[in-house]
4 protein chains.
Amino acid sequence: MIEFKNNKGIFQQIADNLCERILSGEFKPGDKVPSVRELAALLGVNHNTIMRTFIELQHANIVENRRGIGYYVTTTAPEMIQQQRREEFFKSELPAFIQQVKLLNISHQDLQPLFDQLNENQNENK
Amino acid sequence: MIEFKNNKGIFQQIADNLCERILSGEFKPGDKVPSVRELAALLGVNHNTIMRTFIELQHANIVENRRGIGYYVTTTAPEMIQQQRREEFFKSELPAFIQQVKLLNISHQDLQPLFDQLNENQNENK
Amino acid sequence: MIEFKNNKGIFQQIADNLCERILSGEFKPGDKVPSVRELAALLGVNHNTIMRTFIELQHANIVENRRGIGYYVTTTAPEMIQQQRREEFFKSELPAFIQQVKLLNISHQDLQPLFDQLNENQNENK
Amino acid sequence: MIEFKNNKGIFQQIADNLCERILSGEFKPGDKVPSVRELAALLGVNHNTIMRTFIELQHANIVENRRGIGYYVTTTAPEMIQQQRREEFFKSELPAFIQQVKLLNISHQDLQPLFDQLNENQNENK
DNA sequence: GTGGTCTAGACCACC
DNA sequence: GTGGTCTAGACCACA
């Protein structure tokens, strides 16, 4: 069960939850996700809200629709989710972090653990 | 007026708000801050909650107490607030950021704007 | 069992008692101290009073918290207790002693046993 | 009105209170102090307790008895009180202070303010 | 009027 | 089960 918070749209929160479950492997590429009515009843929200969720996920190439049957996880869903999160990261988290670094006058040395992680990432990609 | 959110303690949010107002210059070092019961009434919370706020701020050397008179902003308050925020940054924000960098497999180049800011900080300190 | 006196807060007396028991070795660094509600029941005080005790001890780096598990004696607890007592000494006991010396017009020679002790302390540190 | 505490005898506390009032000038040398019955009624204690107080004060040459009339403050009372307090100081306060200095491993330099006071005392006596 | 402490009891989140 | 927070209300000391 999801507990809905105030600061984000409910449809967005449901989408995030589905993405989480896809990344965790609960729904694999090719799997059918629960139907609109099913989810609406389970979460106690209007079915239009679920539709909005699926439309967003479809735009992001995370689910695809088979007319009259239901929504299915795309084969590229995990990568698409990852990519979307990267976009979110560059659009909002990174600027916020930079803002903090600026305000607190953080120095190069202070971020050593961050650089260690970056180097690890780079080695993985080799 | 402060809108109390769910994720942080009310007493903490009030403390944060007071720190903000000290940094903004609304309360200057040496100023008396509103009395415990005054704040409690104004914010519609229990006086014990305000006490908890002041105990925390006192431990952080941001306010000091004159018994029977009230709480006063310390001369070092702005620096102490800055210092506390740095601690918070290294204890919580930085690790969360590193976690994201790891999960999203962010590379060195992706963080160019961050490095630009770091270099600016360094130049200011010269 | 602690007998609560009038001049100090109960929460402070409980804190002092715990420090005593840490110094005596009853609670060693890394040990778990009794839970908030256990202590409250044992001492017949409200659990909020024990919480206040632990908040103070935590600020003094004498215990640390593991959420949902309990409070644990820090590895540095004995030194922190010693250090805190020194602070207390300089803040309150020494001024009171000086006040007495002044009122009673005590002379240099009268304090010979004190100087002997000071010299012993100095030799230990060599 | 005196509030009786638990750790000292009541007669002692009454004696301390009378000494305080003599030092403060409320009762001057040669003055008559309130009668046994009067004090007993005022303080709500047994007159034997007051008698015990006066016997102690008489032993200390702070009051003297004129048979059938009452107790009077001696001409030397202030000095005697001062002297008694010095005795108390050397018997109990100084040893306790030395004990603390030992436990906390206080150094010579730490007590600078004390030495300053001692030098002041010495100059007054010149 | 100021702060300070304590209680009783509720409700939450985490494990 | 653990800690953590908040409320309502009482009572105290100090000024």
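Note: hydrogens, waters and symmetry copies are ignored here, and every other heavy atom, side chains too, is used. So you know, we letter chains A, B, ... as the sequences are listed, proteins then strands, and number each from 1.
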| Sub-6.0 Å ring centroid separation between B/Tyr71 and B/Phe27 | no

| query | Are D/Phe89 and D/Phe97 close enough that their ring centers fall under 6.0 Å? | reply | no

Atom [atom1] of [X] and atom [atom2] of [N]: how far apart are they, to the nearest Å?
{"X": "B/His47", "N": "E/dT7", "atom1": "NE2", "atom2": "P", "value": "14 Å"}
{"X": "B/Glu56", "N": "E/dG4", "atom1": "CD", "atom2": "P", "value": "14 Å"}
{"X": "C/Ile10", "N": "E/dG4", "atom1": "CD1", "atom2": "C1'", "value": "13 Å"}
{"X": "C/Asn46", "N": "F/dA8", "atom1": "CG", "atom2": "C1'", "value": "13 Å"}
{"X": "B/Phe54", "N": "E/dT5", "atom1": "CZ", "atom2": "P", "value": "14 Å"}
{"X": "C/Lys32", "N": "F/dT2", "atom1": "NZ", "atom2": "P", "value": "7 Å"}
{"X": "B/Arg52", "N": "E/dG4", "atom1": "CZ", "atom2": "C1'", "value": "15 Å"}
{"X": "B/Met51", "N": "F/dT5", "atom1": "CE", "atom2": "P", "value": "15 Å"}

| task | Tell me yes or no: between the side chains of B/Glu64 and B/Gln58, is some donor less than 3.5 Å from an acceptor? | result | no

| said: Quick check on F/dT5: is either OP1 or OP2 less than 4.0 Å from any side-chain nitrogen or oxygen of B/Thr49? | reply: no

| Selected nucleotide, minimal atom distance to C/Asn65 side chain, candidates F/dT2, F/dG3, E/dT5 | F/dG3

| task | Kindly point out which of F/dA10, F/dG3, E/dG3 is positioned nearest to the side chain of C/Val36? | result | F/dG3

Any donor-acceptor pair under 3.5 Å joining the side chain of [X] to the base of [N]?
{"X": "B/Arg37", "N": "E/dG1", "answer": "no"}
{"X": "C/Arg66", "N": "F/dG1", "answer": "no"}
{"X": "B/Asn48", "N": "E/dG4", "answer": "no"}

| field | Minimum heavy-atom distance D/Arg86-C/Leu104, with the two atoms named | value | NH1-O, 2.7 Å

| said: Under a 4.0 Å threshold between the charged nitrogen and the carboxylate oxygen, would D/Arg85 count as salt-bridged to D/Glu20? | reply: yes

| remark: Note: for B/Val45 and B/Ile69 on DNA chain F, the residue whose nearest nucleotide lies more 5' is B/Val45

| request: Step through the shown structure and confirm whether more than 12 heavy atoms of other residues, nucleotides or ligands are within 6.0 Å of NE2 on C/His59. | output: yes

| Hey, does B/Phe11 reach any base, or is it just sugar-phosphate, or nothing, if we go heavy atoms under 4.0 Å? | sugar-phosphate

| query | Counting N and O atoms only, with roles assigned by atom type, does the side chain of B/Thr76 sit under 3.5 Å from a partner on the main chain of B/Glu79, one being a donor and the other an acceptor? | reply | no

| note | DNA chain F in dot-bracket form (Watson-Crick or G-U pairs under 3.5 Å, [ ] crossing, | inter-strand) is ||||||||||||||.

